[in-house]
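Step one of this worksheet: look at the structure below.
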Amino acid sequence: MLDIAFAKSALPTSGALVLVIHEDEKPYGLWQQADEATGGAIARALEVAEFKGGKGKTCVILAPGAGLSRVLAVGLGKEGDVKQTTLEDAGGAIASALARETTVAVAADSLKPGQAAEVALGAALRGYRFDRYRTKEKDEDKSKLAVLTVLTDHPARAKSAFEPLKGVANGVFLTRDLVSEPPNVLHPAEMASRCQKLSELGLKVEVLGPKEMGKLGFGALLGVAQGSVNEARMVVMHWQGAKKTSEKPVVFVGKGVTFDTGGISIKPAGGMEDMKWDMAGAGAVIGLMAALAGRKAKVNAIGLVGLVENMPSGNAQRPGDVVKSYSGQTIEVINTDAEGRLVLADVLWYAQEKYDPKFMVNLATLTGAIIIGLGHEYGGLFSNNDSLAERLTKAGEATGEKLWRMPLHDNYDKQIKSDIADMKNVGGRPGGSITAAQFIQRFVNKKPWAHLDIAGMAWSSKDAPTIPKGATAYGVRMLDRLVADHYED
Ligand code: BES
Ligand code: MN
Ligand code: ZN
């Protein structure tokens, strides 16, 4: 992670200086000092650029004098309208605009210490890069930004506000790393061993293999896995942070298909490489557990991930097969490409039966149909519980990981009626995301539950303020916020 430091306000004499400016604000503090030190160069440049501090607006001034390499002005908009996401986006804009600087100082003397920390978080989030597999990158293509110093009148307070945010950022980075990994590297066993490393953060981690899951009767999950030489795993991660050890846990479940070819109902070749990120639901659950542990959240939480690879082979599941899920319900597998719901069916039933959760939230890149419905702006939210749905929606708004509620209704059940089993795994094209949710609901046994269909949100084809192109880690910050706002002692 980008090295973030907090220091007492003092004008730097080298490197880049960032001014975060509210709309129509007059020069003050460090801004005013910098303007005087540069003989008014900053004021002149901002005037010519017609920069007034509007939200999302930036202005770079090169070599303004006083030893500074650049001054970057970042607009926050009207002071009364500044939200957490405004500050994070400003931080992201800084990391992006000043990637070629080595040291950057941010004049945050007009911000509260907590706000200064949020700017730092945004910069850290945008500064992420997955470069494990690059061996020949030219120096001029790399980011040089190494240290970002936030200048504030209360460095100690800003630093302690940043501590928990750093824990969350590390969770986000873990998710992005997992989702970015190529599928030849990140098969289920490898993903499970990355989970095991989380014991360093104080999580208790259990791993179940095909033998254990077979004994339990995970016929739905194992049916998906049977076509692959890479064995299935289920990982259970426990975080005990509540004062009362007996406090019921909050439970998160993730779809972890490390590669989804579609199986015998094989997908077309074009774009199939995207299906390496069909484990993004599981990736988000893992990053969330790391975030909760990293900031020592006062909650009991359990994360479960079902990890499989969906491959066609001589041993693969066929369209028409009937499998028996861990719940005892039987499923006719009409389409082997509707595999995520089969994985979730067994893991959700196990979670609700074994852990008596306060609620369960599952995340899954479940349907292409949710992308048709909501595009890449909102995740789909399905829930049997209005208060949980509302809390999730609010947490999504606060963190910029937005959710839109979708319907559940028994009337959709006729679409997944099977002629020979308790249900079939596809319900046709109409309401494809809804029939998938109806299917999953049969494995939650009336517990408060929400299903987040994140197929449109897990991967981004372009840079956003705090999210570089690629794996987004969508869900980690939203769910961390849900826990922080409602479920901690
Ligand atoms: N992993 C896919 C869904 C998906 C599609 C995620 C595009 C991200 C981008 C899922 O397993 C799948 O294949 N769903 C099918 C379901 C259909 C067969 C009922 C789909 O959406 O086409
Ligand atoms: Mn599929
Ligand atoms: Zn899938």
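Hydrogens, waters and symmetry mates play no part in the numbers below; they use all other heavy atoms, side chains included. Keep in mind that what you see is a predicted model, and the values were worked out from it rather than measured. Index from 1, following the sequence. Both counts, for ligands and for their atoms, begin at 1 and track the order of listing.
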*List by chain and number: which residues place a heavy atom under 4.0 Å from ligand 1?*
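Lining ligand 1: Lys255, Asp260, Lys267, Met275, Trp277, Asp278, Asn335, Asp337, Glu339, Arg341, Thr365, Leu366, Thr367, Gly368, Ile371, Val426, Ala455.
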Heavy-atom closest pair, residues [X] and [Y]:
| X | Y | answer |
| --- | --- | --- |
| Arg341 | Asn425 | NH1-O, 2.7 Å |
| Ala123 | Ala95 | O-CB, 3.5 Å |
| Gly241 | Asp489 | O-OD2, 4.4 Å |
| Leu304 | Ala351 | CD1-CB, 3.8 Å |

*Do you know which of Met191, Lys255, Arg233, Met237 makes side-chain contact (heavy atoms from CB on, under 4.5 Å) with Val305?*
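Option passing the side-chain contact (heavy atoms from CB on, under 4.5 Å) with Val305: Met237.
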*Taking only protein atoms, how many N, O or S atoms are found under 2.8 Å from the Mn ion (ligand 2)?*
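Count of protein N, O, S atoms less than 2.8 Å from the Mn ion (ligand 2): 4.
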*Should Asp89 and Lys55 count as an ion pair when the cut-off is N to O under 4.0 Å?*
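Looking at Asp89 and Lys55, the cut-off is not met.
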*Measure up the Tyr128 and Phe173 rings against each other and bin them: parallel (under 30°), tilted (30 to 60°), perpendicular (over 60°).*
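If you compare the ring of Tyr128 with that of Phe173, the planes turn out parallel.
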*Mind telling me whether Tyr350 and Phe218 have parallel, tilted or perpendicular rings, with 30° and 60° as the class edges?*
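Phe218 and Tyr350: perpendicular rings.
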Return yes if a side-chain donor-acceptor contact under 3.5 Å exists between [X] and [Y], otherwise no.
| X | Y | result |
| --- | --- | --- |
| Asp413 | Gln438 | yes |
| Glu401 | Tyr378 | no |
| Glu206 | His238 | yes |
| Tyr487 | Arg391 | yes |

*Got a sec, which residues hit side-chain hydrogen bond (donor to acceptor under 3.5 Å, both in side chains) with Thr472, two or more places apart in sequence or on another chain?*
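For Thr472 there are no side-chain hydrogen bond (donor to acceptor under 3.5 Å, both in side chains) partners, ignoring immediate neighbours.
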_Near the Zn ion (ligand 3) (under 2.8 Å) - protein N, O or S atoms_ =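 N, O, S partners closer than 2.8 Å: Lys255 NZ, Asp260 OD2, Asp278 OD2, Glu339 OE2.
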